[in-house]
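These notes concern the structure reproduced below.
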Amino acid sequence: DEPEDYGIILEFMKEEFKDTLAQGEFRIALDFLVSLKKTYQSSKTGKAWAQPLLRKLFFDIATPQVLEVVKEVLPSLDKQRIDQVEYFKKLFLCLPPVAITALAPMLIENLSGSLKRHLMEIIETLARKDSNPLEQLLEGPEEDLVKKLVCILGHIDGEKPIQILIRMTHHSSGWVRLEALKALERRNKNMIEELFHLINDPVLIIRRMMWNHLEQYKNEKTGNLILDYLQQKKIVYRDDQQILNSFKTLGCCNTLSSAPFLGQNLLGQGWDFGRERSLRRQAAAIALFELNTQEAQDILKKASRSLFPNVRSAYLNPLKVHK
């Protein structure tokens, strides 16, 4: 009848709940949780101070201080009856999203693949209600855990998950950046400006994925970003494919202001036979063929009549493809 006594009883119940989890008795723990929810939702007590205490208990039992005991019994859970696994899932789906803080680190424990999938499904469902606990864990040092959480986040709809994923494309880990990019790619949404920095990513597969993303959204805005990228000499990884992708995609974007720049790269410094210069000259010719405007055709005609054989050669190579 008094808040102090009520609080003492609830503290005792919290410890009992923890002991039940430690023994792997998930059905009993689930029954307790269902009963707790019914008590909270009912107005039978008639005591205004009871609900805040019950609400506190409901969140306290979802903290790592209570749930961490589950880690010891999880490895043996797969060896038990299927219904025990179902009780485990139902129990944790009844908890508030703060439980993610305790559950997520279990993903990097030595557990079976099926049990990890169950954990990921639970975390995903809880994060749909509130992604803040998951977001906080993304700042942690465990690369493997962060990668898994980014994967989970990728299956949650909404603008906030998108913004978090974009932020994770700046993560120090290449694996995390790759997972974030994969998740964003599945959205089928134009995020060229937000992701453009990835064309200079040190991981080759990320750069290639980014160029594929650019190919899906060939428009003037994309072209202007690439044009600035080339004009300001922002290429960091100067491999052949990076240079060819840059020029070819620029030509496909129908950016009219790009013609003078492409013409300069094709016709200028004809005496320079350097490898990169030759590659840029050929890439510019490809871009001009893709652009296919009157200005572009005039530049290509000049290249075909150039006194420099390497300029004429740069014109002839893509010509064979476009015939």
Side-chain angles (χ1 to χ4, degrees), residues 135 138-139 143 146-147 149-151 153-266 276 279-293 296:
E135 186 177 356
L138 291 173
E139 305 299 325
E143 180 182 321
V146 173
K147 179 185 172 186
L149 294 179
V150 167
C151 179
L153 191 65
H155 291 88
I156 301 175
D157 296 329
E159 187 59 32
K160 185 179 180 182
I162 289 177
Q163 293 306 314
I164 297 171
L165 288 168
I166 289 171
R167 193 173 76 237
M168 297 311 292
T169 63
H170 294 273
H171 197 275
S172 59
S173 164
W175 288 112
V176 172
R177 294 195 304 276
L178 178 59
E179 199 63 51
L181 180 57
K182 286 179 180 178
L184 290 167
E185 278 282 276
R186 289 195 292 268
R187 309 270 171 164
N188 292 321
K189 183 179 179 181
N190 187 343
M191 288 176 273
I192 298 297
E193 290 184 88
E194 296 87 344
L195 300 178
F196 195 76
H197 65 279
L198 292 176
I199 63 172
N200 269 337
D201 196 276
V203 179
L204 178 60
I205 189 172
I206 293 178
R207 296 202 299 274
R208 287 179 175 172
M209 283 182 65
M210 191 56 211
W211 281 112
N212 288 336
H213 185 66
L214 289 168
E215 284 282 333
Q216 295 174 40
Y217 302 99
K218 293 176 286 193
N219 53 47
E220 190 169 0
K221 182 179 286 187
T222 300
N224 286 330
L225 285 170
I226 298 173
L227 183 59
D228 177 70
Y229 171 73
L230 291 169
Q231 286 178 328
Q232 303 302 322
K233 300 179 180 178
K234 296 177 181 178
I235 296 180
V236 175
Y237 298 94
R238 313 178 80 82
D239 57 90
D240 293 3
Q241 199 60 47
Q242 186 82 341
I243 293 172
L244 286 170
N245 282 336
S246 302
F247 280 86
K248 183 178 179 182
T249 308
L250 175 60
C252 293
C253 288
N254 198 29
T255 306
L256 300 180
S257 59
S258 65
F261 170 77
L262 293 172
Q264 181 185 7
N265 274 269
L266 175 58
E276 184 175 329
L279 181 63
R280 281 175 168 269
R281 190 174 287 116
Q282 183 179 341
I286 293 171
L288 286 163
F289 272 106
E290 295 288 350
L291 187 58
N292 197 30
T293 62

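Because only heavy atoms are used, hydrogens play no part in the values below, and waters and symmetry mates are left out as well, while side chains stay in. As the structure is a computational prediction, the values presented were derived from the model and not from experiment.
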Distance check, rounded to the nearest 0.5 Å: [X] atom [atom1] versus [Y] atom [atom2]?
X: Leu195; Y: His170; atom1: CG; atom2: NE2; result: 8.0 Å
X: Lys234; Y: Ile199; atom1: NZ; atom2: CD1; result: 9.0 Å
X: Leu279; Y: Gln242; atom1: CG; atom2: CD; result: 11.0 Å
X: Ile226; Y: Leu250; atom1: CD1; atom2: CG; result: 6.0 Å
X: His197; Y: Met210; atom1: NE2; atom2: CE; result: 8.0 Å
X: Lys248; Y: Leu244; atom1: NZ; atom2: CG; result: 9.0 Å

Taking all non-hydrogen atoms of both residues into account, name the closest pair between [X] and [Y] and its distance.
X: Lys189; Y: Ile162; answer: NZ-CD1, 4.0 Å
X: Thr255; Y: Ser258; answer: O-OG, 2.5 Å
X: Thr169; Y: Arg177; answer: O-CD, 3.1 Å
X: Tyr229; Y: Asn200; answer: OH-OD1, 3.1 Å
X: Ala284; Y: Leu266; answer: CB-N, 4.0 Å
X: Met168; Y: Ala180; answer: CB-CB, 3.9 Å

message: I'd like to know whether CD of Gln264 has more than 12 heavy-atom contacts from other residues, nucleotides or ligands below 6.0 angstrom.
response: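 Atom CD in Gln264 is not packed in, count stays at 12 or less.
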- request: Would you indicate whether Lys221, at its atom NZ, is surrounded by more than 12 heavy atoms from other residues, nucleotides or ligands within a distance under 6.0 Å?
  value: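 Atom NZ in Lys221 is not crowded, with 12 or fewer foreign heavy atoms closer than 6.0 Å.
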For a 4.5 angstrom cut-off between non-hydrogen side-chain atoms, does [X] reach [Y]?
X: Ser257; Y: Asn224; answer: yes
X: Glu179; Y: Trp175; answer: no
X: Ile286; Y: Phe247; answer: no
X: Glu194; Y: Gln163; answer: no
X: Ser173; Y: Val146; answer: no
X: Asn254; Y: Lys218; answer: no
X: Leu165; Y: Arg187; answer: yes
X: Trp211; Y: Ser246; answer: yes

Closer than 3.5 angstrom, by distance alone: can the side chain of [X] be matched with the main-chain N or O of [Y] as a donor-acceptor pair?
X: Thr249; Y: Asn245; answer: yes
X: Thr222; Y: Leu214; answer: no
X: Arg207; Y: Leu198; answer: no
X: Asn265; Y: Phe261; answer: yes
X: His213; Y: Met209; answer: no

message: If we check side-chain contact (heavy atoms from CB on, under 4.5 Å) with Ile164, which of these qualifies: Leu149, Val150, Ile156, Leu138?
response: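 Result: among Leu149, Val150, Ile156, Leu138, Leu138 is the only option passing the side-chain contact (heavy atoms from CB on, under 4.5 Å) with Ile164.
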